[in-house]
Amino acid sequence: MSDDALGLDEAYSVQSPEDNKRLYAKWAATYDSSFVDAKQYRYPKAISEVFDQVVTDSVARVLDIGTGTGLTGMYLSRLRPDVVLDGMDISPEMLEQAALKTRTNGSAVYRQLYERDLTQDVLNENAPYEALISSGTFTHGHLGPECLRNLLPLLANNGWLVVGVNNEHFEAKAFAAKLDSLVLLGAITEPEILRIDVYEPGSVHYGDQARVIVTRAIN
Ligand SMILES: C[S@@+](CC[C@H](N)C(=O)[O-])C[C@H]1O[C@@H](n2cnc3c(N)ncnc32)[C@H](O)[C@@H]1O
């Protein structure tokens, strides 16, 4: 398969963490040009804008879940220039791309990048963070609702989660029920669920939307 042929069909057909590692190893070098630019994918920008609107505190340290090539951190650093950003992703090749992303002042977007399988308990020496942000990673064959629980220990008490979830995945995997159970357990505050456009007008995928879970950890 050529890099140009990689896209949503391949991304949605993965089933395991190993499939994800294989897919993104092939896709990393051309992900920004052949997918983000070509398909006018605005998800990282849109999530950063939601984050900037809903996170009313001046958070100092934010973790980007499923960092990919680092576009979410790049956009967030433009809106919150003082924020320290770390990232986690299963793909070393995607993280290599993220390490190249720079802020408007020329410094690196991310302080630390961690290769982690987020379907498992997550070790991280820099926790706790005041907020987590995620775009494009809670989707078919990537991360499901059960992974939300793995992320909570990374947050400080009252730490924010601003997590995008593919619309169909949200319904198929019963994210709402999982969120209800976390609220009942006293692990998170009552979430707000927003919607964003994933693609710009003019994109062949224009009209696809994602949910955005906004909640806070009770630790
Ligand atoms: C569609 S990309 C999104 C990247 C970036 N956030 C964006 O919006 O452009 C999905 C990312 O999830 C990562 N991923 C998939 N499964 C994972 C897992 N089990 N643990 C951590 N990261 C995973 C992939 O390596 C990939 O970088």
Partners passing side chain to side chain contact (heavy atoms under 4.5 Å, CB included) against P153 (at least two apart in sequence or in another chain): none
Any donor-acceptor pair under 3.5 Å from S203 side chain to K39 backbone: yes
Sequence neighbours excluded - ring-ring contact (aromatic ring centres under 6.0 Å, His included) pairs with any residue from residues 128-151: Y12-H140, Y24-H142, H140-H169
R103 side chain vs V109 backbone, donor-acceptor pair below 3.5 Å: yes
Main-chain N/O of A108 paired with T102 side-chain donor or acceptor, under 3.5 Å: no
N124 side-chain N/O to N126 backbone N/O, donor-acceptor pair under 3.5 Å: yes
Atom pair CD1/CG of I213 and L148 - distance to nearest 0.5 Å: 5.0 Å
Contacts of S16 that satisfy side chain to side chain contact (heavy atoms under 4.5 Å, CB included) - sequence neighbours left out: E18, D19
Polar side-chain atom of E130 near backbone of A60 as donor-acceptor pair, under 3.5 Å: yes
Under the salt bridge (Lys or Arg N to Asp or Glu O under 4.0 Å) test, residues paired with K45 that sit two or more places apart: E49
Flag for Y110-D86: side-chain donor and acceptor within less than 3.5 Å: no
Residue pairs fulfilling ring-ring contact (aromatic ring centres under 6.0 Å, His included) with at least one residue in residues 195-217, sequence neighbours excluded: Y41-Y199, Y199-H205
Partner set under ring pair (Phe, Tyr, Trp, His ring centres under 6.0 Å) for F51, not counting sequence neighbours: none
Test log, rule side chain to side chain donor-acceptor pair (under 3.5 Å), inputs Y43 and D197: CA-CA 7 Å; Y43 202 161; D197 282 319; over 6 Å; no
For E93, side chain to side chain contact (heavy atoms under 4.5 Å, CB included) partners two or more places apart: A25, A28, S91
Residues which pass salt bridge (Lys or Arg N to Asp or Glu O under 4.0 Å) with E200, listed by chain and number, not counting sequence neighbours: R42
Partner residues of R149 under the salt bridge (Lys or Arg N to Asp or Glu O under 4.0 Å) criterion, sequence neighbours left out: none
Heavy-atom pair of closest approach, residues N157 and N219: OD1-N, 3.0 Å
Heavy atoms from other residues, nucleotides or ligands near NZ of K173 exceed 12 (cutoff 6.0 Å): no
Residues that D117 engages under salt bridge (Lys or Arg N to Asp or Glu O under 4.0 Å), provided they are two or more places apart: none
4.5 Å side-chain heavy-atom contact, I47 and I133: yes
ring-ring contact (aromatic ring centres under 6.0 Å, His included) partners of residues 62-93, not counting sequence neighbours, each pair once: none
Donor-acceptor pair, side chain of S48 and main chain of T72, under 3.5 angstrom: yes
Euclidean distance, T137 OG1 relative to N166 CG, rounded to 0.5 Å: 11.5 Å
Counting only pairs under 3.5 Å, give me each side-chain donor-acceptor contact of residues 174-193, with atom names and distances, residues two or more places apart or in other chains.
from: S181; atom 1: OG; to: K178; atom 2: O; distance (Å): 2.8
from: T189; atom 1: OG1; to: T215; atom 2: OG1; distance (Å): 3.2
from: T189; atom 1: OG1; to: R216; atom 2: N; distance (Å): 3.1

